[in-house]
Structures are given as C-alpha cells and as structure tokens.
Trainee: 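Before anything else, here's the structure in question.
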Protein chains: 2
Amino acid sequence: MDDQLSRVFSALADPIRRDMVARLAVADAGVNELAEPYDVSVQAVSKHLKVLEEAGLVSRTKQAQRRPVHLEAEVFDLMTKWIERYRRQAEERYRRLDDVLAEMDTEQSPIDTRHTERGAS
Amino acid sequence: MDDQLSRVFSALADPIRRDMVARLAVADAGVNELAEPYDVSVQAVSKHLKVLEEAGLVSRTKQAQRRPVHLEAEVFDLMTKWIERYRRQAEERYRRLDDVLAEMDTEQSPIDTRHTERGAS
DNA sequence: GTTCTTCTCAACCGCAAGGTTGAACAAGGA
DNA sequence: TCCTTGTTCAACCTTGCGGTTGAGAAGAAC
C-alpha cells in the first residue's frame, strides 16, 4: 500500500466507502450523518473516512465541533488516466490483431491462431 | 467482496497485479513468463491471476500445458462509468455552489441540498 | 514407459483490514 | 460550572490477503 494509486483503488474496493463517496458527491456531511444509513458503529465510519482521506479522496475541514467531510474529485483523474491508458492499449492491440488476421488469408504461415476469434468472453 | 465493482477495485489495488495488467495490455503471456520480473514465487503469481480472473479482468485459455492469460478490457468500462458518474456529480455540485455563492449577496438562504438521487454501489 | 515443463492446489504463517466496545477530547449550550 | 454533541483514540478480536513450501495434475518430449 505504498503509492497513491494503490490507496485509491483499495479505498474504493469497499462498498460502504463507495456509497459514502456517492453521497458526498451530493453534499458534504458530518461523520454521524454519514454513519446513519449503515449498520456499523460511528467509529467504524470514522475509520473508513480516514482511509478515504489518506487516499486523497476526501478532506475534512474543521468547523466548530463538527468535521464536515468534503469530496475531492481530483484524484479520480488519476484512476481514469491509468484505466484509459491500458484499455486503449488493449483495444489497439485487438485492432492490430484483426489486421494481422485479415492478412492471414493470403499467407499461410504456421502462426498461432488461438485467441484470435472473438475470444472475448 | 460481493459485487464485481468491489472485486475489480480490489484487484487493481495491488501494484503487482496492476503491473501484470499493464504487461498484458501489450501481449498475452503465460504464468511463468508473467512471474519472471517479480520477486515472488510462481504460485503467488498464479494466485494474483486468480484474483484478476475472478474480477473479470483476465481470462485464461487452455493451450497444451500452457495457460495463456488474456486481458479483458471490457470491465474497465464498469469502473470508468462509476468514477465518471460521481466525478461529474461532484463537479456539478461545485458549479451550482458557485452559482449559489454568487447569488448570496442578495439572498440569505442556506445551501440547497435537494438532490435525492443516490445509486447503490 | 520416464522425464521435464507448466501450472494449480493445499496447508501454513504473519500481518493488516474491518468490526467491536470503552474512554477521551474539543467546543457549544444550559 | 456541568452537560451534551460530534468525533477520534486505544485495545481487542476475527477474518482475509499475500506470501511461502510441498505436492500433484496434465501434456509434451525423450
């Protein structure tokens, strides 16, 4: 759990934390408020928030005795970039593979042909 | 770790697994081949692959005694959709907040929070 | 046949994650 | 001052994860 990417993915791997993010996208909220819908203690939610905060997904501003939690949308870009990069790469490879296959009708070299058909499944 | 989204995020929370995905985006590979760069046993890598497979990120086709691993880019969409949804929502809220703030010189009402939509994760 | 390669399964270990309860702290309000 | 509210800290427990080693299954090659 070193790099930020690991922390972010890990943070969002938990359904409760994802739901909290979903709710924080609508409005900032305090810990008690956030904890209300779930069947766990307030302390547990506080821990979840700590995880989200360390991942950079959330920030807490001190306001009186409350600690409103605010969603930081920036970090999402980090994930999106990573994902898009490899998805694009995979799709590119797929496309090139199709080209190779299309060319393979003319030539007859003993190249691997597995995985070449609509292997996605 | 019930739903697929949890499995996918969890799978990508590990640096080794992310690196494997990165390499598989370039070309399919066998387990030994994949294990080579890392300082862990082949069995450990096999376990990592199982995780990736159960997340739907990867598929293994049987070919002789080898088990080539293939990246399935589809699942990425699942994540991207989730991420984009809430990022967009957060940005939208930000924009509206600016509007409210701009309007606050004239009126004196608290911030409007009446969006009620909240999706399950 | 036997042997080598590739990969997975099973059992175990150490440690961190997510949960609990109980106590503490900080800031308003009575 | 004392009390209430909101939040976190400290211990503890149990479960799951990532790693190990050892053995075994399935084919290819000899």
Side-chain angles (χ1 to χ4, degrees), chain A residues 1-21 23-24 27-71 110 112 114-115, chain B residues 1-21 23-24 27-55 57-71 121:
Chain A
M1 211 70 72
D2 287 299
D3 54 317
Q4 177 154 25
L5 213 39
S6 293
R7 277 193 294 265
V8 177
F9 278 123
S10 182
L12 294 179
D14 187 286
I16 290 191
R17 287 195 290 259
R18 275 203 310 282
D19 192 63
M20 293 202 294
V21 167
R23 292 167 58 207
L24 287 170
D28 292 4
V31 177
N32 275 286
E33 195 177 347
L34 276 172
E36 192 230 311
Y38 312 122
D39 199 19
V40 297
S41 64
V42 182
Q43 290 94 323
V45 171
S46 184
K47 278 192 187 178
H48 281 304
L49 281 174
K50 197 176 178 188
V51 173
L52 288 173
E53 188 176 26
E54 282 168 353
L57 279 161
V58 133
S59 66
R60 281 128 132 187
T61 59
K62 186 162 189 173
Q63 167 209 323
Q65 76 272 48
R66 314 196 79 229
R67 289 286 203 110
V69 180
H70 178 72
L71 183 65
D112 270 349
R114 73 210 117 77
H115 250 326
Chain B
M1 212 72 77
D2 285 300
D3 53 318
Q4 176 154 26
L5 212 41
S6 293
R7 278 193 295 266
V8 176
F9 278 123
S10 182
L12 295 179
D14 188 286
I16 291 190
R17 286 196 290 260
R18 276 202 310 281
D19 192 62
M20 294 203 292
V21 167
R23 292 168 58 209
L24 287 169
D28 293 4
V31 177
N32 274 286
E33 195 178 347
L34 276 171
E36 193 229 311
Y38 313 121
D39 198 20
V40 297
S41 63
V42 182
Q43 289 94 323
V45 171
S46 184
K47 278 192 188 178
H48 280 305
L49 282 174
K50 197 177 179 187
V51 173
L52 288 173
E53 189 177 26
E54 282 167 352
L57 279 161
V58 133
S59 67
R60 282 128 132 187
T61 61
K62 187 163 190 175
Q63 169 215 328
Q65 76 272 48
R66 315 196 76 231
R67 289 285 202 113
V69 180
H70 177 72
L71 182 65
S121 38

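Within every chain, numbering begins at 1; the chains are lettered A, B, ... in the order of the sequence lines, protein sequences first and strands thereafter. Keep in mind it's a predicted model, so treat the numbers as computed, not measured.
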Trainee: Please check the phosphate of C/dA26 (OP1 and OP2 only) for any side-chain N or O of A/Arg66 closer than 4.0 Å.
Mentor: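 Answer no for this pair, as no side-chain N or O of A/Arg66 is under 4.0 Å from OP1 or OP2.
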Trainee: Just N and O in the side chain of A/Lys62: are any of them under 4.0 Å from OP1 or OP2 of C/dA26?
Mentor: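 No, no such contact exists.
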Trainee: Between A/His48 and C/dG19, is there a side-chain N or O to OP1/OP2 distance below 4.0 Å?
Mentor: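 It does, given that an N or O in the side chain of A/His48 lies less than 4.0 Å from OP1 or OP2 of C/dG19.
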Trainee: Please give, in whole Å, the distance from C/dC9 P to B/Lys47 NZ?
Mentor: 11 Å
Trainee: Measure from the side-chain heavy atoms of B/Val40 and tell me the nearest of C/dT8, D/dT20, C/dG18.
Mentor: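 My answer, after comparing the listed nucleotides, is D/dT20.
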Trainee: Is A/Leu34 close to A/Leu24 at the side-chain level, that is, under 4.5 Å between some pair of heavy atoms?
Mentor: yes
Trainee: Check the distance between C/dT6's P and B/Leu34's CG and give it to me in whole angstrom.
Mentor: 13 Å
Trainee: Restricting to pairs with a member in residues 52-61 of chain A, which pass salt bridge (charged side-chain N to carboxylate O under 4.0 Å, His left out), not counting sequence neighbours?
Mentor: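 Counting only pairs at least two positions apart or across chains, the salt bridge (charged side-chain N to carboxylate O under 4.0 Å, His left out) contacts touching residues 52-61 of chain A are A/Glu53-A/Arg60.
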Trainee: Considering just the side-chain nitrogens and oxygens of A/Asn32, establish if one lies under 4.0 Å of OP1 or OP2 belonging to D/dT5.
Mentor: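 For D/dT5, neither OP1 nor OP2 has a side-chain N or O of A/Asn32 closer than 4.0 Å.
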Trainee: Checking B/Phe9 against A/Val8 for the side-chain contact (heavy atoms from CB on, under 4.5 Å) test, could you report, in this order, the C-alpha distance in whole Å, the side-chain angles of both residues, the deciding distance, and whether it holds?
Mentor: CA-CA 9 Å; B/Phe9 278 123; A/Val8 177; over 6 Å; no
Trainee: Are the side chains of A/Pro15 and B/Asp3 in contact, using a 4.5 Å heavy-atom criterion?
Mentor: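 Yes - at least one pair of side-chain heavy atoms lies under 4.5 Å apart.
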Trainee: Would you indicate whether the side-chain heavy atoms of B/Leu12 and B/Leu57 approach each other to under 4.5 Å?
Mentor: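 In short, these two side chains touch, coming nearer than 4.5 Å.
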Trainee: Under the side-chain contact (heavy atoms from CB on, under 4.5 Å) rule, what do B/Asn32 and B/Arg66 come out as? Steps first, then yes or no, please.
Mentor: CA-CA 9 Å; B/Asn32 274 286; B/Arg66 315 196 76 231; over 6 Å; no
Trainee: Can you check the B/Lys50 NZ to D/dC17 P distance for me, whole Å?
Mentor: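 Atom NZ in B/Lys50 sits about 11 Å away from atom P in D/dC17.
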Trainee: Between the side-chain atoms of B/Gln43 and the base atoms of D/dG22, is any donor-acceptor pair under 3.5 Å?
Mentor: yes
Trainee: Compute the angle between the rotation axes at the two ends of the helix from C/dG1-D/dC30 to C/dA30-D/dT1, each taken over five pairs, rounded to 10 degrees.
Mentor: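 Helix axis angle between the two ends: 10°.
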Trainee: Counting heavy atoms not belonging to A/Glu36, are there more than 12 under 6.0 Å from its CD?
Mentor: no
Trainee: Identify which nucleotide among D/dT7, D/dT20, C/dG18 has an atom closest to any side-chain atom of B/Ala44, counting heavy atoms from C-beta outward.
Mentor: D/dT20
Trainee: Give the rounded distance in Å between these two atoms: CD of A/Glu36 and P of D/dT7.
Mentor: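 Answer to the nearest Å: 13 Å.
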Trainee: Which whole-number value in Å describes the distance from B/Ile16 CD1 to D/dT20 P?
Mentor: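 Distance check: B/Ile16 CD1 to D/dT20 P gives 9 Å.
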Trainee: How many Å lie between CZ on A/Arg67 and P on C/dG28, as a whole number?
Mentor: 13 Å
Trainee: Please give, in whole Å, the distance from D/dG6 C1' to A/Leu49 CG?
Mentor: 13 Å
Trainee: One thing to verify: whether B/Arg23 and B/Asp28 come together as a salt bridge, which I'm taking to mean a side-chain N less than 4.0 angstrom from a carboxylate O.
Mentor: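 Here B/Asp28 does not pair with B/Arg23 in a salt bridge, since their nearest N and O are not under 4.0 Å apart.
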Trainee: Heavy atoms, side chains only, cut-off 4.5 Å: are A/Arg67 and A/Thr61 in contact?
Mentor: no
Trainee: Is any side-chain nitrogen or oxygen of B/Ser41 closer than 4.0 Å to OP1 or OP2 of D/dG19?
Mentor: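 No, because none of the side-chain N or O atoms of B/Ser41 sits under 4.0 Å from OP1 or OP2 of D/dG19.
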Trainee: Could you go through B/Val51 and B/Arg17, starting from their C-alpha distance and side-chain angles, then the distance that decides it, and tell me whether this counts as side-chain contact (heavy atoms from CB on, under 4.5 Å)?
Mentor: CA-CA 9 Å; B/Val51 173; B/Arg17 286 196 290 260; 3.8 Å; yes
Trainee: Which residues within residues 51-60 of chain A lie with some heavy atom under 4.0 Å of an atom in DNA chain D?
Mentor: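 Going residue by residue through residues 51-60 of chain A, the ones with a heavy atom under 4.0 Å of DNA chain D turn out to be A/Arg60.
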Trainee: If you assign each of A/Val45 and B/Val42 to its closest nucleotide in DNA chain C, which residue comes earlier from the 5' end?
Mentor: B/Val42
Trainee: CG of B/Asp39 versus P of D/dG18: gap in Å, rounded?
Mentor: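 Those two atoms, CG and P, are 17 Å apart.
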Trainee: Below 4.0 angstrom from OP1 or OP2 of D/dT7, is there any side-chain N or O of A/Ser46?
Mentor: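 No, A/Ser46 has no side-chain N/O under 4.0 Å of OP1/OP2 on D/dT7.
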